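To start, the structure itself, in structure tokens.
Since the structure is predicted, the reported quantities are computational estimates derived from the model, not experimental observations.
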Amino acid sequence: MKVILFGSTGMIGQGVLSECLKDTGVESVLVINRQTCGITHPKLKEIIHTNLFDLSPISTGLAGFDACLFCVGVSSVGMKEADYNKMTYELTTKVAVTLLNLNKNMSFCYISGANTDSTENGNTMWARIKGKTENELLSMPFRSVYMFRPGYIQPMKGVKSKTRLYRVMYSFLKPLYFMIKNIESMVTSSETLGKAMIIAASTGYKKKILESKDINAIVKQH
């Protein structure tokens, strides 16, 4: 499987990239970043491109891929709805449309979030916009489309958040993770999430929307 990965410098994307590089079923990984991920590997190619809203300057290098693992995301804290909509719905769907035009047989996997609102009518701004984004992606004629809705994600094996507050929180909670990881409806790890995305993209899954319990289950079943 040839994979395009967006967001490999973020905490989730770091974990996904690590699993892609380890997985023998992944032939190659192209990462599209605003800044370098700082990793070299025989399977890895990186394109630095700052404007993800317009991929036309690099489009010739985006054809011939089997899967896109889309891990780009921003926090809604302090953001106006219009700005969050632009960075979430507009950005994600623009990338998806570009890739679909170049790769008709592609699988698309999107990192969403627990409690996303598929009705698009709830009171929580970020959940409505995530729901709108999911619904638009699910309507696109990719070979397959999967929405991942993790709850708490424990960083593993050197994966780190770029946000200092989150780093402190994850460091504090890591000992507790091994006590609460059996609460599979709420908790997963960066390692498990990365593996789950690869499995869904390559072999499929019975559900199009994967909550934490599904993310854990698909890895256990594989």
Counting only N and O atoms by type, is there a donor-acceptor contact under 3.5 Å from the side chain of [X] to the main-chain atoms of [Y]?
X	Y	result
N103	F65	yes
K43	V26	yes
N101	V97	yes
T124	A127	no
T133	I129	yes
N121	T119	yes
D117	G131	no

Rounded to the nearest 0.5 Å, what separation is found between the [atom1] atom of [X] and the [atom2] atom of [Y]?
X	Y	atom1	atom2	result
L52	T98	CG	OG1	10.5 Å
S118	M147	OG	CE	10.0 Å
H49	I58	NE2	CD1	4.5 Å
M140	T93	CE	OG1	5.5 Å
M197	C71	CE	SG	4.0 Å
L17	K22	CG	NZ	10.5 Å

Applying a strict under-4.5 Å side-chain criterion to I, L, V, M, F, W and Y, I'd like to know whether [X] and [Y] cluster together.
X	Y	answer
V72	I39	no
L5	I215	yes
I12	I209	no
F53	F108	yes
V74	I111	no

Flag side-chain contact, heavy atom, 4.5 Å: [X] against [Y]:
X	Y	answer
Y205	I199	no
Q14	T9	no
M106	L99	yes
I32	I4	yes
C68	V3	no
L210	Y146	yes
V16	K195	no
T116	W126	yes

CA sep, side-chain torsions, deciding dist, call: C20, I198, side chain to side chain contact (heavy atoms under 4.5 Å, CB included): CA-CA 7 Å; C20 284; I198 294 168; 3.9 Å; yes

Give a yes or no on this: more than 12 heavy atoms of other residues, nucleotides or ligands lie within 6.0 Å of atom [atom1] of [X].
X	atom1	result
N123	CG	no
K86	NZ	no
K208	NZ	yes

Closest contact, heavy atoms only, [X] versus [Y]:
X	Y	answer
C37	V31	SG-CG2, 4.4 Å
M1	A67	SD-CB, 3.9 Å
R34	M87	NH2-CE, 4.1 Å
F142	A96	CZ-O, 3.4 Å
L30	G61	CD2-O, 3.6 Å

Candidate pair S56 and S59, rule side-chain hydrogen bond (donor to acceptor under 3.5 Å, both in side chains), full reasoning: CA-CA 5 Å; S56 58; S59 61; over 6 Å; no

Test salt bridge (Lys or Arg N to Asp or Glu O under 4.0 Å) applied to D214 and K207, step by step: CA-CA 8 Å; D214 303 301; K207 297 180 180 180; 3.0 Å; yes

Evaluation steps, side-chain hydrogen bond (donor to acceptor under 3.5 Å, both in side chains), between N115 and K130: CA-CA 9 Å; N115 301 314; K130 284 281 192 180; over 6 Å; no

Side chain to side chain contact (heavy atoms under 4.5 Å, CB included) between T192 and N216, worked out: CA-CA 7 Å; T192 299; N216 293 322; 3.5 Å; yes

Short side-chain donor-acceptor distance under 3.5 Å, S107 and R143: yes

Flag for N85-K132: side-chain donor and acceptor within less than 3.5 Å: yes

Partners passing ring-ring contact (aromatic ring centres under 6.0 Å, His included) against F6 (at least two apart in sequence or in another chain): F70

Side chain to side chain contact (heavy atoms under 4.5 Å, CB included) between S28 and K45, worked out: CA-CA 8 Å; S28 63; K45 178 181 178 181; over 6 Å; no

Test side chain to side chain donor-acceptor pair (under 3.5 Å) applied to S112 and E134, R149, E211, the passing residue: E134

Cation-pi geometry met for K94 and Y89 (6.0 Å, 45°): no

Worked verdict on E46 versus I48 for side chain to side chain contact (heavy atoms under 4.5 Å, CB included): CA-CA 6 Å; E46 182 176 48; I48 303 299; 3.7 Å; yes

